[in-house]
Amino acid sequence: MLKTISKATAQNWHRLHTCGEGRLTARANKTWSTRRVVASGYVSSDKAQRLLAAVSHIGEPLPDVMFSLCCLQLQHYGLLHLTHVEESLKSFAEKYKLLALTVDDDLWEEEDDLLGYVYQSLLTEGERNRTGQYYTRQEVAGEMLADVFVSDGETLLDPCCGSGAFLLAVQTDDPRRLYGADIDPVAVMLTVTNLLVKYRHTAFVPHVFCMDFIGGSRFSTEKACLPSSFDYIYTNPPWGADKEGRYAGGYDMVKSKERASMFMVQSLSKLKKGGVLHFLLPLSLLTIKTHQDIRRYILHHAAIEKIVHYDGRFDGVFTGFFSLQLRAKAASCPYRYAIQHAAGSSEGILMADALTTGDIPFESFSDVDQMIVKKMEGMRHDTLSHSQWALGIVTGNNKEKVKREPTEGMEPVYAGKEVEAFTLKGETSFIRFAPDSFQQCAKEALYRSTEKLIYRFIAKYPVVAYDNRQRLCLNSANVLIPDVDGMSVKSVAVLLNSSLYRYYYSLKFSDIKVLKGNLQQLPFPQLTAEQDRLLSALVDDILMNGINTHQQAAVDDAVYDLFHINDEERSYINSILARYSERKRS
């Protein structure tokens, strides 16, 4: 029997077109979204688009469509009826139906994973979100494996292989040294087909198994097919928490329940001494406090060799990503590792306290960067860690509840785009404050605080507005009520809106969201009463006259002076921020 739900929840389910089990199916909840996202970032060739167009309207089960495409590709290369190929496809032929598909024979090309492209593009957004099926771009897999040759006696594993990007990218003269696994049988079928095509002059049955690499005992038979350890483990694991508790109890060290972290733990246990592990991961694993668990685990069980930043994102995924290369060996702190990014290469330094803190520096710091950071952190007197915080209102239906013109009982409400440095843009949206009708709402006292800051949620660095009129905000803008020793709310606003703090935040945190956990790490200096008064006066002037270039310069100079930032360092900071602005415009 379903438990009783609130009227507001029932309304949301109805509005979002839930299925009979009460699961959200609209895009507001991606887990059950039926929307499709074409994997244009994975493959973008004309042939790929033509192949997708040829099968996208077939009203047959997707696994049958993909099995039929696999057979067509193997037939194109004259492989379909070879003994080892028939053996490789036997389990799939028993499970899936061969459809009478017709596609142009000239569409098949070995360079691109056309099968993976079509499969990703035909999966619903909900299915991809639930299973973490966001396949690695072939050029990224190629870069990660550029220096790897799996030679005699060595083995390589991809424990969540998708359609086989890593297994196809690795160099070897014997494909029997390659092993793959995936929980999705269709993905396993695609990998098997891709390997058979790539190594079509070798008679072999690919070592690719349908199994849950981090799962329980019911997969023991499949796991028996894998060697006990590997020289290389390369993969892009599923991202996201194990919300269903499927792996509860198996990974007690992963308090976050993050599946990617569980794959990391299991893979490190399967890596030979001196072996190499290289994972593609969401940036949040390096930046968010929640993931300190896996960072500490990594530092206790392996040595970091390389961190690589990548531009762009996966189709349908909001977060950025990086790759982490580890070697299974003990490493005493401090030690150095390589950091690579679009602008070049540099060194990261793991400090002596990293085993305790779980901090893994991943940005490339120049000598000037290090000097500025040392000055700021050396003057740390307090932080925002004991301040009050509140999320903006989630109405559940902005179209119905947020209006452009006010009626009786309505008041202004502000979104993130209306938050500017120190001030909020003019009143353009209105709402009736009725917490019981909202999907999410903080305590009213936090919104009605006599003084507070409202900051943009989606931003490269903090942009905060001062508010003493008890105004409301939507979920793209959040509330901060600072509690910093010896510092007024207005003075906190000055520091957060300064070029120095924008630079520091951008340097330390690569998120495109301004997160509470990141803000709590910012260093705040001790102010004299006179310094606090002067900073507050700057805010009063801005609130009265509006922000302009002269006033922003006054804000920047005041904060630079607090931290003894010299002219050379100021010019450097301005050049870095100008570069960020240029990237945003491009």
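For clarity, every value in this text was computed on a predicted model and none was experimentally measured.
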Do any N or O atoms from the side chain of [X] and from the backbone of [Y] form a donor-acceptor pair under 3.5 angstrom?
| X | Y | value |
| --- | --- | --- |
| S267 | M264 | no |
| R327 | V276 | no |
| K306 | Q325 | no |
| D64 | K97 | yes |
| Y117 | L51 | no |
| E305 | L326 | no |
| D113 | N194 | no |
| T191 | G162 | yes |
| R177 | V150 | yes |
| R295 | D359 | no |

Euclidean distance, [Y] [atom2] relative to [X] [atom1], rounded to 0.5 Å:
| X | Y | atom1 | atom2 | answer |
| --- | --- | --- | --- | --- |
| Q266 | D212 | CD | CG | 9.5 Å |
| L115 | M66 | CG | CE | 5.0 Å |
| L178 | C161 | CG | SG | 11.0 Å |
| L72 | L101 | CG | CG | 6.0 Å |
| D182 | T235 | CG | OG1 | 8.5 Å |
| L167 | L157 | CG | CG | 8.0 Å |

Q.
Evaluate L299 against I304 for side chain to side chain contact (heavy atoms under 4.5 Å, CB included), listing each step before the verdict.
A. CA-CA 8 Å; L299 298 178; I304 299 172; 3.8 Å; yes
Is the number of heavy atoms from other residues, nucleotides or ligands within 6.0 Å of [atom1] ([X]) greater than 12?
| X | atom1 | value |
| --- | --- | --- |
| Q171 | CD | yes |
| K47 | NZ | yes |
| D147 | CG | no |

Q: Return the minimal non-hydrogen interatomic distance between Y119 and L62, and the atom names on each side.
A: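 Here Y119 and L62 meet closest at CE1-CD2, 3.6 Å.
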Q) Closest heavy-atom contact between P63 and V186? A)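 Minimum heavy-atom separation between P63 and V186: CB-CG2, 3.8 Å.
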Q) Using the ring of each side chain (for Trp, its six-membered ring), is Y335 parallel, tilted or perpendicular to Y337, with breaks at 30° and 60°? A)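 Perpendicular: the ring planes of Y335 and Y337 meet at over 60°.
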(Q) Can you tell me how the ring of W108 sits relative to the ring of H76, calling it parallel under 30°, perpendicular over 60° and tilted otherwise? (A)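 Because their plane-to-plane angle lies in the 30° to 60° range, the rings of W108 and H76 count as tilted.
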Q: Taking the six-membered ring for Trp and the single ring otherwise, decide whether the centroids of Y179 and F230 are under 6.0 Å apart.
A: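 Under 6.0 Å, so yes.
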Q. Are D242 and K257 close enough for a salt bridge, meaning some N to O gap below 4.0 Å?
A.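 No, this pair does not count.
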Q. Is it true that E139 and R137 make a salt bridge, defined as a side-chain N closer than 4.0 Å to a carboxylate O?
A.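 The answer is yes: the pair qualifies as a salt bridge.
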Q: Go through the steps to decide whether S323 and Y310 satisfy the test side chain to side chain contact (heavy atoms under 4.5 Å, CB included), and finish with yes or no.
A: CA-CA 8 Å; S323 75; Y310 290 95; 3.8 Å; yes
Q: Name all residues meeting the ring pair (Phe, Tyr, Trp, His ring centres under 6.0 Å) criterion together with Y232; count only those two or more places apart in sequence or in a different chain, and write none if there are none.
A: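 For Y232, no residue satisfies ring pair (Phe, Tyr, Trp, His ring centres under 6.0 Å) once neighbours in sequence are set aside.
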**Q.** Step-by-step side chain to side chain contact (heavy atoms under 4.5 Å, CB included) determination, Y297 to V254
**A.** CA-CA 9 Å; Y297 189 90; V254 182; over 6 Å; no
